[in-house]
Amino acid sequence: MEKTSLNGNRWIMQSADDRTAQALALQMDLPLILAQILSARGVDATSAPNFLNPKLSNLMPDPYSLKDMKKAAERLADAVMNNEKIGIIGDYDTDGATSTAVLKMFLETLGVQVATHIPEREEGYGPSEGAFAEFKAFGANLIVTVDCGTTAFEVLNQASADGFEVIVLDHHEAEALLPNVLAVVNPKRLDEENDYPYLKFMAAVGVVFMSVAAVNRVLREKGYYQTHQEPDLKQYLDLVALGTVCDVVPLLGLNRAYVKQGLKVMATRQNIGLKALSDVAHLEQAPTAYHLGYVLGPRLNAGGRVGKASTGSALLCANDNVVAQKLAEELNTYNTERKDIESFVLLEAIEMLEGTPQEYPMAFVAGSNWHQGVIGIVAGKLKERYNLPSFVMSIEDDEVKGSARSIAGLDLGALVMAAKEKGLLTKGGGHTMAAGFSLNENQIEPFKVFAGEYIKDRLGSEKLVPEINIDAAVALSGANLSLAETLATLEPFGAGNQEPTLLISGVQILRPALVGVGHVRCLLSKEGAPRLKAVAFRSADTAVGKAMLAAKGERYDVVGKLRADSWQGQTTVQFVIEDMRSVENA
């Protein structure tokens, strides 16, 4: 079923095999609507238990299933037992901060002296000569890179030649060649055997947690814990969940267990830094994946975007309430500054794009000295606005730094690697949906042509119509708190497992009103059914928001999310409107 909506989206009803859904409902004792949604998402009676109740004990394979893991774990265990100093090189995003924090706290719990290096954005992504100079002064010979390092050939090869032992724990796209280091643990290595394909979806912090589990096992086997206290690794799952959600990797397989179990740990507020960050963000309820991705993550990221890059990992490792409070407040301030800078760059980018005819099906913009810390966010906003792959570049004195975000059907990581191989980029890497890169200013136009032709070849040159996938149609009378709570059993929601989208047909919009900053609220009404509270966020200047505010009894089909709404101790239900279509135009 395809529909054209007020916001120009095509509505597509997801279909489930009725027999499979009914069998699933019967075998798992599930409401039929839940079984239909699961079936449409490829979940059957065999995989449903792990999907609905994901546990590490069922979904985490032997860490040694990853190449070089055994070698890395044994070397790190030896370093622990021999009281060696260890250096960690991380990244300035949330995945990098959580990866650094998990490894650092685990090693320090065992008495290891650890030095960390989180590069500032001006320094650039990944290992650097400066970082190894710091570690040499610190007295560390064993260095671990987390969330980086797989393609840092020049720096890591030189470090090895200088006598450093380097272990890479990463999840970024790999090339056939690997750096000359002690171990490269990366599920995206081209020579991985792929016995557990969902491991390729892990964020770096997931790889780090598997590595910590492997080291812990080696230490146990060597009798280390006969004289030392063995740490409870589950205490780190809150950070694993945070990094996993914020890196926007699919919440399937092991990732789903990481987040589901990590949210339980986070709800206990054991991590002093996360507790302080939650407090400054006024997060008082038990966190969900939404809060990780849109409340905590942006604040933790803000240090690496517009402030001091190491602030995030320092907060997560804090063991003093006063220090944690200070760092959390710094990050909150950075986040406010980030929003202002982001708004300025986004406005300039939109003016560039809409003031010039575009030759290719992409948003491709560059500006002088745009803040590097916000170009990734701006790329994401442009992708959402135009439903096109988006590239945003900041032209600096020495080079151009870029960030890109993709849409379904285009592998950005592959595009960037291909451009790098052709000599158009000086640096580059990323995932299917997001990538970062650097290039010389005189290569901007050649890269634009390359990227444009690459995208046109894979997506075509026709205007891409954004789609909304609808999981189920429900009657207004059935859109109640019980259904909202039933749908919530599919959490955690995120990449690979989106919150269910529902269609409610033929309703009237009653008592519309502007609330907050550009939100529109109303009541949905239909004969024979209770009225339903609804809101369309940030919609006042959209076709949907304007139609709601001008409604005078017309009937609409609406699509959106049904959620429990708690306020002052009472829980009701609310429909979050994402799009509408006039019934007359159906």
Worksheet item: Taking NZ, NE, NH1 and NH2 as the nitrogens, is one of them in Asp191 or Arg189 under 4.0 Å from a carboxylate oxygen of the other?
Response: yes
Discussion item. Check this for me, if you would: do Glu165 and Arg75 make a salt bridge, where the nitrogen-to-carboxylate-oxygen distance has to be below 4.0 angstrom?
Written reply: yes
Discussion item. Using a 6.0 Å distance limit plus a 45 degree cone around the ring axis, check whether Arg305 lies over the aromatic ring of Tyr334.
Written reply: no
Discussion item. I'd like to know if Glu193 pairs up with Lys67 as an ion pair, taking the criterion as any Lys NZ or Arg NE/NH1/NH2 lying under 4.0 Å from an Asp or Glu carboxylate oxygen.
Written reply: yes
Worksheet item: Within 45° of the ring axis of Tyr64 and under 6.0 Å from its six-membered ring centre, is that where the NZ or CZ of Arg217 lies?
Response: yes
Worksheet item: Under the salt bridge (charged side-chain N to carboxylate O under 4.0 Å, His left out) rule, what pairs show up with a residue in residues 266-291, not counting sequence neighbours?
Response: Arg269-Asp279, Lys275-Asp279
Worksheet item: Can you name the closest pair of heavy atoms from Thr244 and Ala203 and give their distance?
Response: CA-CB, 3.9 Å
Worksheet item: Restricting to pairs with a member in residues 259-308, which pass ring-ring contact (aromatic ring centres under 6.0 Å, His included), not counting sequence neighbours?
Response: Tyr290-Tyr294
Discussion item. Less than 4.0 angstrom from a charged side-chain N to a carboxylate O is my criterion; do Glu342 and Lys381 meet it?
Written reply: yes
Worksheet, complete the sentence: Residue set satisfying side-chain contact (heavy atoms from CB on, under 4.5 Å) with Met81, at least two apart, ordered chain then number -> Leu219, Lys222, Tyr224
Worksheet entry | Salt-bridge present (Glu485, Arg563; N to O < 4.0 Å) | no
Response to the item:
Residues passing the side-chain contact (heavy atoms from CB on, under 4.5 Å) test with Asn216, sequence neighbours excluded, are Phe106, Arg220, Tyr225, Glu230, Pro231, Leu233
Worksheet item: Are any of the side-chain nitrogens in Glu192 or Lys188 under 4.0 Å away from the carboxylate oxygens of its partner?
Response: no
Item to complete: Indicate yes or no: at least one non-hydrogen side-chain atom of Ile375 is less than 4.5 angstrom from one of Met393.
Response: no
Worksheet item: Is Lys420 paired with Glu175 through a side-chain N to carboxylate O contact shorter than 4.0 Å?
Response: yes
Practice prompt. Tell me, please, which residues at least two apart from Ala435 pass side-chain contact (heavy atoms from CB on, under 4.5 Å).
Written response: Leu412, Val416
Worksheet entry | Summary of ring-ring contact (aromatic ring centres under 6.0 Å, His included) pairs that have at least one residue in residues 126-160, sequence neighbours excluded | Phe132-Phe164
Worksheet entry | Non-hydrogen side-chain atoms of Ile88 and Ile143 separated by less than 4.5 Å | no
Practice prompt. State plainly whether the residues Lys136 and Glu134 are in salt-bridge range, i.e. N to O under 4.0 Å.
Written response: no
